[in-house]
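I have placed the structure first, in the form of structure tokens, so that the comments after it can refer back to it.
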Amino acid sequence: MTKSRTLRIVVAVAVCAMVAGCSNSTASSAKKTYTMKDMTVGFIQTGSESGWRGANTSSFKETATADGITLKFYDSQNKIENQITAFNTFIQDSTVNVIVLAAVGTTGYDEVLKAAKAAGKVVIIEDRRIEADASLYYTYIGSDFNKEGHKSAAAMCDLLKGKATANIIELGGDQAASASIDRHKGFAEALPDCTTTKMTVLDYQNAPGWDPVQGKAIMEAFLKKYPGQIDGVFGHNDEQAIAGIQAAEAAGLTAGTGGIVFVGVDATANGFKYLINGKLGADIECNPLLAPQVYKAALDALNGVTGQATWTPSEEGQFFAAQGAAALQAILDTRKY
Ligand code: AHR
């Protein structure tokens, strides 16, 4: 075999090797484009404290099934320490590439957020605001609870029209939860805006874990403490407002027109039932159907999309008994929760 022929073969082999090398490196360096089916999500839920929470959990489970996402669901029983444990479990789990947190409290998550980031996990905060640097998670998708407080005060003002002064009782959710903290703050901020009735919050107490049984007991105690003095009740969610209604009725008082007026938050099917029977005067919506937005954001994060919003407030409405039973029933028939 002549020298030049050998040389040609050697050069050809070298060129092939280089091309193969390039294609491998380009193939291996070609960035993977993730799809929903590539996502394994560790979802740390608060618990199952309300109808709203049930709808939120269903949103994540049903959407995961529909999109082919692997969902590892964790019920924190409304305990922050359980959430920290779950976070560490998902950080250690090499199959999990996304962690979603619905926070029981507002603080105490920094260490696990830093560890998740170091482990290359995408973290999305859903529903509840937390006090942590936004660089520690991809984005937060959830309600403007302060605004819900403002809407609740405006609704209370409307329901108490005709009274020069009025005394209000506030039945709060869990005191650690941003939903309760911000609704309380928003309500207090907006009360002075009512030009028709001077409203005063007589008393306020939180029901641990959003427990309606404790909410009812709190209302019973307030009815004894302030006999004949309560004009309105603001419940931080439907269960608290309904617990207040049940306590008032058990005490022989009227809930609704001509009696004590009630305002709730969530607008779940149970809340609608009490709007329709007129005992609940107004229900401020809090949207639980957040999964599609959260999963989309997680996929964007996996695919390296940057410049995302730090917070995406949920779209929400409000409903009033004054809309009438038929109209409210027609709306309720179209709703998923
Ligand atoms: O974070 C949203 C709140 O959590 C809902 O208003 C309440 O029902 C749930 O417990």
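Atom set for the values below is all heavy atoms of this structure, side chains included, hydrogens, waters and symmetry mates excluded. Remember, it's 1-based here, ligands and their atoms both numbered in the order they're listed.
Atom numbering of ligand 1 starts at 1 in the shown order; those under 4.0 Å from a heavy atom of Ser50 are 7 (C), 8 (O), 9 (C), 10 (O).
The shortest N/O to N/O separation between His236 and ligand 1 does not fall below 3.5 Å. For ligand 1, the polar-atom distance check against Glu239 finds no nitrogen or oxygen pair separated by under 3.5 Å. Here's the thing with Trp52: none of its N/O atoms is less than 3.5 angstrom from an N/O atom of ligand 1.
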Mind running ring pair (Phe, Tyr, Trp, His ring centres under 6.0 Å) on Tyr295 and Phe60 for me, showing each step along the way? CA-CA 9 Å; Tyr295 291 145; Phe60 279 84; 5.5 Å; yes

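Not a single heavy atom of Val265 sits less than 4.0 Å from an atom of ligand 1. Ligand 1 does not have Arg129 within reach: every non-hydrogen atom of the residue lies 4.0 Å or more from it.
Pairing each heavy atom of Ser143 with each of Glu148, the nearest pair is CB-OE2, 3.3 Å.
For the residue pair Asp238/Thr268, the side-chain donor-acceptor check at 3.5 Å is satisfied.
The closest protein non-hydrogen atom to atom 1 (O) of ligand 1 is Arg128 NE, 2.6 Å. Nearest non-hydrogen protein atom to atom 8 (O) of ligand 1 is Asp266 OD2, 2.6 Å. Residue, atom and distance of the protein heavy atom nearest to atom 10 (O) of ligand 1 are Glu49 OE2, 2.6 Å. Here the heavy atom of the protein found nearest to atom 2 (C) of ligand 1 is Asp127 OD1, 3.4 Å.
With a 4.0 Å cut-off on non-hydrogen atoms, Arg183 touches ligand 1 through its side chain and not its backbone.
Salt bridge annotation for Glu189-Lys185: present, with a cationic side-chain nitrogen under 4.0 angstrom from a carboxylate oxygen.
A ring-centre distance under 6.0 Å is found for His236 and Tyr204.
A donor-acceptor distance shorter than 3.5 angstrom exists from the side chain of Asn206 to the backbone of Gly173, with no hydrogens or angles considered.
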